[in-house]
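Fair warning: this is a prediction, and the values are worked out from it, not measured in the lab.
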Amino acid sequence: MARSTSKDAQALFQSLRSAYSATPTTLKIIDLYVMYAVFTALIQVAYMAIIGSFPFNSFLSGVLSCIGTAVLAVCLRIQVNKENKEFKDLAPERAFADFVLCNLVLHLVIINFLG
């Protein structure tokens with residue numbers, strides 16, 4: 001039973017790898033940006049767990065900034081994806097402009113939260 005499970009897992013990873021290799025480069029770049037933002041948030045949480053969270057507002061601002069940016073990047077990925085039929089009339093430039101504007105608003109709120 002364990003062998004069939006490992007074969008199934010290998011087949012799953014192979015199919016995911018082959019499907020992801022067909023993904024356009026722009027979407028792969030957005031995926032890397034999302035992973036970077038989440039990784040940065042995890043580093044901040046680990047730092048807080050090890051060192052402490054004396055200025056708690058700073059910790060919250062940093063983590064919420066990273067997670068908010070990652071969420072906005074996922075929204076950008078959904079809008080830019082050519083296979084998504086819901087946003088077929090939306091130009092990629094418009095989606096990127098929305099992403100930049102929402103990031104500006106997010107970071108203004110974060111800076112305001114810092115005090």
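Closest approach of Ser18 and Ser21 over heavy atoms only: O-OG, 2.7 Å. Considering all non-hydrogen atoms of both residues, Phe113 and Leu60 come closest at CE2-CB, 3.9 Å. The shortest non-hydrogen separation linking Ala70 to Val38 is CB-CG2, 4.1 Å. Considering every non-hydrogen atom in both Val34 and Ala73, the closest pair reads CG2-CB, 3.5 Å. In this structure, Leu72 and Phe99 approach most closely via the heavy-atom pair O-CD1, 3.6 Å. Taking every heavy atom of both residues into account, Ala37 and Cys66 meet most closely at O-CB, 3.4 Å.
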Would Thr69 and His107 count as a side chain to side chain contact (heavy atoms under 4.5 Å, CB included) here? Give the steps. CA-CA 9 Å; Thr69 301; His107 286 89; 3.5 Å; yes
Run the numbers on Phe59 and Phe56 for ring-ring contact (aromatic ring centres under 6.0 Å, His included), then give the verdict. CA-CA 5 Å; Phe59 164 71; Phe56 194 65; 5.7 Å; yes
Decide side chain to side chain contact (heavy atoms under 4.5 Å, CB included) for Val80 and Phe96; before the verdict, give the C-alpha distance in whole Å, the side-chain angles of both, and the deciding distance to 0.1 Å. CA-CA 8 Å; Val80 172; Phe96 185 71; over 6 Å; no
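Rounding to the nearest 0.5 Å gives a distance of 11.5 Å between CD of Gln44 and CZ of Phe39. Atom CG in Leu106 sits 11.5 Å away from atom CG in Leu101 (nearest 0.5 Å). Distance check, rounded to the nearest 0.5 Å: CG of Leu76 to CG of Asp98 gives 9.0 Å. Distance NZ/Lys7 to CD/Gln14: 14.5 Å, rounded to 0.5 Å. Here Glu83 contributes atom CD and Leu27 contributes atom CG; the two are 8.5 Å apart, rounded to the nearest 0.5 Å. The OG1 atom of Thr23 sits 12.5 Å away from the CD1 atom of Ile29 when rounded to the nearest 0.5 Å.
Annotation for Tyr47: hydrophobic cluster partners, listed by chain and number, are Ile50, Ile51 (ILVMFWY side-chain heavy atoms under 4.5 Å, direct or chained).
Using a distance-only test at 3.5 Å, with no hydrogens or angles considered, no donor-acceptor pair links the side chain of Asn84 to the main chain of Gln79.
Cluster annotation: Ile30 and Val100 are assigned to the same hydrophobic cluster (Ile/Leu/Val/Met/Phe/Trp/Tyr, side-chain heavy-atom contacts under 4.5 Å, transitive).
Considering Thr40, Val45, Ile43 as possible partners of Val63, the one that fulfils the side-chain contact (heavy atoms from CB on, under 4.5 Å) test is Val45.
Note that Lys28 lies in the cation-pi zone of Tyr20, set by a 6.0 Å cut-off to the ring centre and a 45° limit from the axis.
Residues Leu12 and Asp8 fail the side-chain proximity criterion, which asks for heavy atoms closer than 4.5 Å. Inter-residue side-chain proximity for Ser58 and Leu114 is flagged as met; some heavy-atom pair is nearer than 4.5 Å.
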